[in-house]
Protein chains: 4
Amino acid sequence: MTDTFQSSSPIYSQLADRINRKILRGELQPGDKLPSVREMAIQSNVNPNTVQRTYRELEGMNIVETKRGQGTFVTENQEILTEMRERLKEEEISQFVKGMYDMGYADEEIEVGLNKFLQEKKGDSEQ
Amino acid sequence: MTDTFQSSSPIYSQLADRINRKILRGELQPGDKLPSVREMAIQSNVNPNTVQRTYRELEGMNIVETKRGQGTFVTENQEILTEMRERLKEEEISQFVKGMYDMGYADEEIEVGLNKFLQEKKGDSEQ
Amino acid sequence: MTDTFQSSSPIYSQLADRINRKILRGELQPGDKLPSVREMAIQSNVNPNTVQRTYRELEGMNIVETKRGQGTFVTENQEILTEMRERLKEEEISQFVKGMYDMGYADEEIEVGLNKFLQEKKGDSEQ
Amino acid sequence: MTDTFQSSSPIYSQLADRINRKILRGELQPGDKLPSVREMAIQSNVNPNTVQRTYRELEGMNIVETKRGQGTFVTENQEILTEMRERLKEEEISQFVKGMYDMGYADEEIEVGLNKFLQEKKGDSEQ
DNA sequence: GTGGTCTAGACCACA
DNA sequence: GTGGTCTAGACCACG
């Protein structure tokens, strides 16, 4: 079993999220073919119906296109991808900040802390 | 059931985490008494032994002191608390950045995105 | 029943102490596998949970490492072992001297008495 | 309850040991009267018969003398006291060394460790 | 197999 | 009351 899922949110949306990230990361390029529903079902160890639903979800976001008889493909529409990229980025940031607020950290602490972290990271890799 | 737990990580460490955050947020002040083992067990709907282990864990981190026959108290040692606050902040940031890298975002995107987000937030609250 | 325990201090810490001493004495070498939790439980005639706690305690002292699904092993980090050896030695000496003070013996008496004892011992074994 | 006893060795000999130490420490001087059997029984929270046996034990060691109708007194025979003092010292040392051997420490380690400890102690108190 | 977690319920020492 | 220890027995994840 390569993949495991948490019990909290529905599997189909967790799976959609993973594929999303693969596309964002460039692991899946525009025009690339996704594995067939059956194949993906085996790979992810879930029911084909679940994969079906995942693909439908991604299609609703215009991130993939289904061509009958051929399979499911990453959209070639770059605009949608960059848009999604931007949206997901903001979402992640929002979630991060919310979490930090929740633990009582102030804006400045977060900002300064992040910059410091990135600086140190840069310093490390230049060594 | 006031509290629920995810199945992924051990309950005792999730509980410890929650208490940690309460202390960081200032919801629990230095010197404050935590609920008794039994009471917390009822509140959290877990076994007293599990709460015990949570408290032991927190004691190991020196953020809680236990007085036999009296109860468990948030440490009055401010230094340890600020230290932990700093450490946890860095940890959260590190995890956030790592996740962003994982999705293919570059340093500048993260930094700019965060600053923009905080600015907008500020604008909102000033309205 | 191979092993017996005093009622004074917790079984888990008495057990930890014994294992500690076995390691110090060299009876357990770095890298050696400790008996499994269940096995040790039978040997020591205690509950597996108690052995668990013992092993967790030893792990907290960094003198033991645990590999999931494989077992618990004496650390290969010699530094930690020599450090502990030194610390325990001082502890024992301190306790001994404190006891002697308590009975009204002076530094010189203790020192001279010890040296004399060691000399005689040496003489005995050379016979 | 001022006094507590371990379950390992008989209470009467533990009690005898304590009295012994009080005498050695000079807390009880030669000629001093020990508490009456009844009194000591209450103080130590044991049965008078146990105290009786304790006093008999001490009498056998010639450390105390019982005068009918008057009570039990620490012997005025200094020789016996110094002798016992010496014997007890050796006993303690022997037990200490045995314990150290048991943990794998060598003669030199013990000797050097002890001397170092006493030196540091001296340094501390001179500060 | 291994260690890790959790529950239920008991008993203890301390205050 | 408080926390601390221990047992018995269950189930889990990892290898």
Side-chain angles (χ1 to χ4, degrees), chain A residues 1-7 45, chain B residues 1 3-17 19 31-75, chain C residues 1 3-17 19 31-75, chain D residues 1-7 45:
Chain A
M1 201 178 355
T2 333
D3 293 315
T4 52
F5 295 93
Q6 296 187 333
S7 56
N45 198 32
Chain B
M1 208 185 338
D3 291 314
T4 51
F5 295 94
Q6 299 187 331
S7 59
S8 44
S9 69
I11 291 177
Y12 75 83
S13 81
Q14 291 183 53
L15 225 193
D17 212 58
I19 295 171
D32 278 4
K33 183 177 178 303
L34 298 184
S36 83
V37 170
R38 285 162 185 79
E39 166 124 12
M40 177 66 94
I42 294 169
Q43 277 180 26
S44 305
N45 199 31
V46 298
N47 187 285
N49 280 323
T50 304
V51 178
Q52 259 278 20
R53 173 130 191 217
T54 297
Y55 283 10
R56 211 189 311 141
E57 216 74 9
L58 291 171
E59 212 185 1
M61 300 189 236
N62 292 315
I63 73 177
V64 130
E65 285 165 13
T66 165
K67 299 172 188 168
R68 289 274 290 239
Q70 298 186 51
T72 304
F73 301 83
V74 178
T75 181
Chain C
M1 202 176 355
D3 292 313
T4 52
F5 295 94
Q6 298 186 333
S7 58
S8 44
S9 68
I11 292 177
Y12 74 82
S13 80
Q14 289 183 55
L15 225 193
D17 211 58
I19 296 172
D32 279 4
K33 184 178 178 305
L34 299 183
S36 83
V37 169
R38 285 162 185 78
E39 167 123 12
M40 178 63 95
I42 294 168
Q43 278 180 25
S44 305
N45 199 30
V46 297
N47 187 284
N49 281 322
T50 304
V51 178
Q52 259 278 18
R53 172 132 194 215
T54 297
Y55 282 10
R56 209 189 313 143
E57 216 75 7
L58 291 171
E59 213 186 1
M61 299 190 237
N62 293 314
I63 73 178
V64 130
E65 284 165 14
T66 166
K67 299 175 189 166
R68 290 275 291 237
Q70 298 186 53
T72 303
F73 302 82
V74 178
T75 182
Chain D
M1 201 178 354
T2 331
D3 292 316
T4 51
F5 295 94
Q6 297 186 332
S7 57
N45 198 32

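Predicted model only: the values in this text are computed from it and were never measured. Below, all heavy atoms of this structure are taken into account, side chains as well, without hydrogens, waters or symmetry copies. In what follows, every chain begins at residue 1, and chains take the letters A, B, ... in the order their sequences are listed.
Whole-Å rounding puts the B:F73 CZ to F:dT2 P distance at 11 Å. For the pair B:K33 NZ and F:dG1 P, the computed distance is 12 Å after rounding to whole Å. Rounded to whole Å, atom P of F:dG4 lies 13 Å from atom CD of B:E57. Atom CD of C:Q70 is separated from atom P of E:dT2 by 12 Å (rounded to the nearest Å). One can place CZ of C:R56 at 9 Å from C1' of E:dT5, the figure rounded to the nearest angstrom. If you measure from atom OH of C:Y55 to atom C1' of E:dT5, you get 18 Å, rounded to the nearest angstrom.
Side-chain contact between B:L15 and B:S44 is present, with at least one heavy-atom pair separated by less than 4.5 Å.
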- prompt: How does protein reach along nucleotides 6-14 of chain E, written 5' to 3' as B (base within reach of a heavy atom under 4.0 Å), S (only sugar-phosphate), or - (no contact)?
  reply: BBBB---SB
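When each of C:I19, C:V64, C:D17 is tested with C:T54 by the rule side chain to side chain contact (heavy atoms under 4.5 Å, CB included), just one qualifies, namely C:I19.
The distance from atom CD of B:E59 to atom CE of B:M61, rounded to the nearest 0.5 Å, is 11.0 Å. The line from CZ of B:R53 to CZ of C:R56 is 3.5 Å long, rounded to the nearest 0.5 Å. The distance from the CG atom of C:L58 to the OG1 atom of C:T66 is 11.0 Å, given to the nearest 0.5 Å. Between C:Q14 atom CD and C:Y12 atom OH the span is 11.0 Å, to the nearest 0.5 Å.
The shortest non-hydrogen separation linking B:K33 to B:G71 is CE-CA, 4.2 Å. Annotation for C:A41 and C:N47: closest pair CB-C, 4.1 Å, computed over non-hydrogen atoms. When every heavy atom of B:P35 is checked against every heavy atom of B:E39, the shortest pair comes out as CB-CG, 3.8 Å.
Taken together, the paired segments of DNA chain E that extend over three or more consecutive Watson-Crick or G-U pairs, each closer than 3.5 Å at both contacts, are E:1-14 with F:1-14.
A donor and an acceptor atom sit less than 3.5 Å apart, one in the side chain of C:Q52 and one in the base of E:dG4.
Checking the phosphate oxygens (OP1, OP2) of F:dT2, no side-chain nitrogen or oxygen of B:T66 falls inside 4.0 Å.
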